Amino acid sequence: MEKPLILVTNDDGINAPGIRELIDIMNEIGEVYVVAPDKPQSGMGHAVTIHSTIRAEKMYIENDSRREWACSGTPVDCVKLAIDQLLPRKPDICVSGINHGSNSSINVIYSGTMSAAIEGGIEGIPSVGFSLCDFSYNANFKSARKHIKSICENILKYGLPEGVVLNVNIPKAEEKDIQGIKICRQANAHWDEEFDRRIDPKGKTYYWMTGNWCNSDKGDDTDEWALENNFISIVPVQFDLTAYHFMEKIKQWNFEIK
C-alpha cells in the first residue's frame, strides 16, 4: 500500500528540537514533507503574509534528499504554500509541532502551532497540533513519542469530522510518569495581562507585556486538569466560530432604524 503523505510544520522554526523530534516520529509512519518557518513565529495566531513576498528555501544536508523547505512566512503561510506549490499531492495528514510550551485552554487562539493545524483542517486535511508543557530548548520531547505516533495512526485510520482539528498537549513529565490520554474540553482560563511601561535610552516610551495565568475552571474534564495530573490532553476544536446557542436570542433584537 502507498505510504501516507504527511505534512509537518510548526511555529518555533524548522530547526527547533520539537519539530525535529516530530519529523523523526512521522518518518516511521509515512512519506514526510516539511514546510516550516525559517525563524520562530510563536504567537502569530492565524496571521498570513499579504504585504511582502514569501520565500521557501529547499533544505539539504550531505548524502541526503530531505524534502524540507524553510519558509519566510507565518505557520499558516507554510501550510498554504505547501499545499498549493510544494507537495506532489494533497497530504493525508497535517501535523504541527511539537511546540515548545503549552497550547491548552485559551492559548489555542494565539498559537501559531495550532493555527497551522487549523489551516490544514480548513483545507480539508485531517490535522493535529502537538505541544509540550515545557518552554526549554532542551525539553524532553521523547517522553510522549509512542503516544504521538499512536494519535497520528488513529487519525489516519479513523479520520476526523469536517471542520474538526485535534489540539494535543503533553505534560512536562518523564515517560514512566505519563498516566495516559484524556479526551477533554478546553478549560475556561485566561491570561491577566499587564504592560510594563519603560523608557529607552533615546527617551522614547515602549511597553513590555507581562501576565499571570488565571484558571478558575475547577472541572476534572478539562485540558488543564489533565495536564496537572500528568495526562496527555486531547481537545477536539473547530474553526466554525458561530455561537449557535445565541442565534435565536439575537433575532429578537430590534434592528429597526428610526
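Keep in mind that the numbers below use all heavy atoms, side chains included, and drop hydrogens, waters and symmetry copies. All values derive from a computational prediction rather than experimental measurement.
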Task: Under-4.0 Å salt bridge between E175 and K142 - done: no
Open item on the list: Quick one, S42 and H100 - any side-chain contact, counting heavy atoms below 4.5 Å?
Closed with: no
Open item on the list: If I take atom CD1 from residue I50 and atom OG from residue S52, how far apart are they, to the nearest 0.5 angstrom?
Closed with: 9.5 Å
- [ ] Rounded to the nearest 0.5 Å, what's the gap from CD1 on I234 to NE2 on H147? Could you check?
- [x] 10.0 Å
- [ ] Identify the two heavy atoms, one from S102 and one from C133, that lie closest to each other, and give their separation to 0.1 Å.
- [x] CB-SG, 3.7 Å
Task: Closest approach of Y137 to N15 (non-hydrogen atoms, all atoms of both residues) - done: OH-O, 4.0 Å
Open item on the list: Tell me if the CZ atom of F246 is crowded by more than 12 foreign heavy atoms within 6.0 Å.
Closed with: yes
TODO: Supply the atom-to-atom distance M26 CE to E21 CD, rounded to the nearest 0.5 angstrom.
DONE: 10.0 Å
TODO: State plainly whether one hydrophobic cluster holds both V34 and F130, where clusters connect Ile, Leu, Val, Met, Phe, Trp and Tyr through side-chain heavy atoms under 4.5 angstrom apart.
DONE: yes
TODO: Give a yes or no on whether I23 and L5 share a hydrophobic cluster (residues Ile, Leu, Val, Met, Phe, Trp, Tyr; joining criterion: side-chain heavy atoms under 4.5 Å apart).
DONE: no
Open item on the list: Could you see if I151 belongs to whatever hydrophobic cluster contains L132? Use Ile, Leu, Val, Met, Phe, Trp, Tyr and a side-chain cutoff under 4.5 Å.
Closed with: yes
Can you give me every donor-acceptor pair (side chain of residues 108-128, partner residue at least two apart or in another chain, under 3.5 Å) with its distance?
residue: S111; atom: OG; partner: N103; partner atom: OD1; Å: 3.3
residue: S111; atom: OG; partner: N103; partner atom: ND2; Å: 3.1
residue: S111; atom: OG; partner: T113; partner atom: N; Å: 3.1
residue: S111; atom: OG; partner: M114; partner atom: N; Å: 2.9
residue: T113; atom: OG1; partner: D11; partner atom: OD1; Å: 3.1
residue: T113; atom: OG1; partner: D11; partner atom: OD2; Å: 3.4
residue: T113; atom: OG1; partner: N99; partner atom: OD1; Å: 2.9
residue: S115; atom: OG; partner: G45; partner atom: O; Å: 3.0
residue: S115; atom: OG; partner: H46; partner atom: N; Å: 3.2
residue: S115; atom: OG; partner: S111; partner atom: O; Å: 3.0
residue: E119; atom: OE1; partner: H46; partner atom: NE2; Å: 2.8
residue: E119; atom: OE2; partner: K80; partner atom: NZ; Å: 3.0
residue: S127; atom: OG; partner: A117; partner atom: O; Å: 3.4
residue: S127; atom: OG; partner: G121; partner atom: N; Å: 3.4
residue: S127; atom: OG; partner: I125; partner atom: O; Å: 2.8

- [ ] Please assess V8 against I19 for the test side-chain contact (heavy atoms from CB on, under 4.5 Å), listing each intermediate value before the final yes or no.
- [x] CA-CA 8 Å; V8 178; I19 195 173; 3.8 Å; yes
TODO: Show the numbers, then the answer: is there a side-chain contact (heavy atoms from CB on, under 4.5 Å) between R67 and L87?
DONE: CA-CA 9 Å; R67 289 162 296 200; L87 271 60; over 6 Å; no
Task: D92 and L156, any side-chain heavy atoms less than 4.5 Å apart - done: yes
Task: Polar side-chain atom of S136 near backbone of N138 as donor-acceptor pair, under 3.5 Å - done: yes
Task: Any donor-acceptor N/O pair, R20 side chain to I14 backbone, under 3.5 Å - done: yes
TODO: Could you point out which residue of D38, I54, V79 forms a side-chain contact (heavy atoms from CB on, under 4.5 Å) with C71?
DONE: I54
- [ ] Indicate yes or no for a side-chain donor-acceptor contact from T74 to the backbone of A47 under 3.5 Å, with no hydrogens or angles considered.
- [x] yes
TODO: Of all the heavy-atom pairs spanning F141 and I98, show the shortest one and how long it is.
DONE: CD2-CG2, 3.6 Å
- [ ] Answer yes or no: does atom CD of E28 have more than 12 heavy-atom neighbours from other residues, nucleotides or ligands under 6.0 Å?
- [x] yes
Open item on the list: Rounded to the nearest 0.5 Å, what separates atom CH2 in W213 from atom CH2 in W191?
Closed with: 6.5 Å
- [ ] Describe, in one word, how the ring planes of W225 and F231 are oriented to each other, choosing from parallel (under 30°), tilted (30 to 60°) and perpendicular (over 60°).
- [x] parallel
Open item on the list: Are V95 and V168 connected into the same hydrophobic cluster when the rule is that any two of I, L, V, M, F, W, Y join if their side-chain heavy atoms are below 4.5 Å apart?
Closed with: yes
Task: Rounded distance [0.5 Å steps], CD1 in I232 versus OG in S143 - done: 7.5 Å
- [ ] Please work out which of the three classes, parallel, tilted or perpendicular, describes the rings of Y33 and W69, given edges at 30° and 60°.
- [x] parallel
- [ ] Identify the heavy atoms of M44 and P75 that sit nearest to each other, and give their distance.
- [x] CB-CD, 4.3 Å
Task: Min side-chain heavy-atom separation N10-L22 under 4.5 Å - done: no
Task: Atom CD of E193: over 12 foreign heavy atoms under 6.0 Å - done: yes
Open item on the list: I need the minimum non-hydrogen distance between C78 and T9, along with the two atoms involved.
Closed with: CB-OG1, 3.8 Å
Report all side-chain donor-acceptor pairs from residues 178-188 shorter than 3.5 Å, counting only partners two or more places apart or in another chain.
residue: Q179; atom: NE2; partner: D177; partner atom: O; Å: 2.9
residue: R185; atom: NE; partner: D221; partner atom: OD1; Å: 3.0
residue: R185; atom: NE; partner: D221; partner atom: OD2; Å: 3.1
residue: R185; atom: NH1; partner: D217; partner atom: OD2; Å: 2.7
residue: R185; atom: NH2; partner: D217; partner atom: OD1; Å: 3.0
residue: R185; atom: NH2; partner: D217; partner atom: OD2; Å: 3.3
residue: R185; atom: NH2; partner: D221; partner atom: OD1; Å: 3.3

Open item on the list: Test your reading of the model: is there a side-chain donor-acceptor pair from N107 to the backbone of S104, 3.5 Å cut-off?
Closed with: yes
Open item on the list: Same cluster or not: I170 versus I155, using hydrophobic residues (I, L, V, M, F, W, Y) connected whenever any side-chain heavy atoms lie under 4.5 Å apart?
Closed with: yes
Open item on the list: So N215 and S105, do their side chains get closer than 4.5 Å, heavy atoms only?
Closed with: no
Task: Side-chain touch P236/L166, heavy atoms, less than 4.5 angstrom - done: yes
- [ ] Hey, could you give me the NZ/CD1 distance between K146 and I148, rounded to the nearest 0.5 Å?
- [x] 12.0 Å
Open item on the list: Is the shortest side-chain heavy-atom distance between V35 and L7 below 4.5 Å?
Closed with: yes
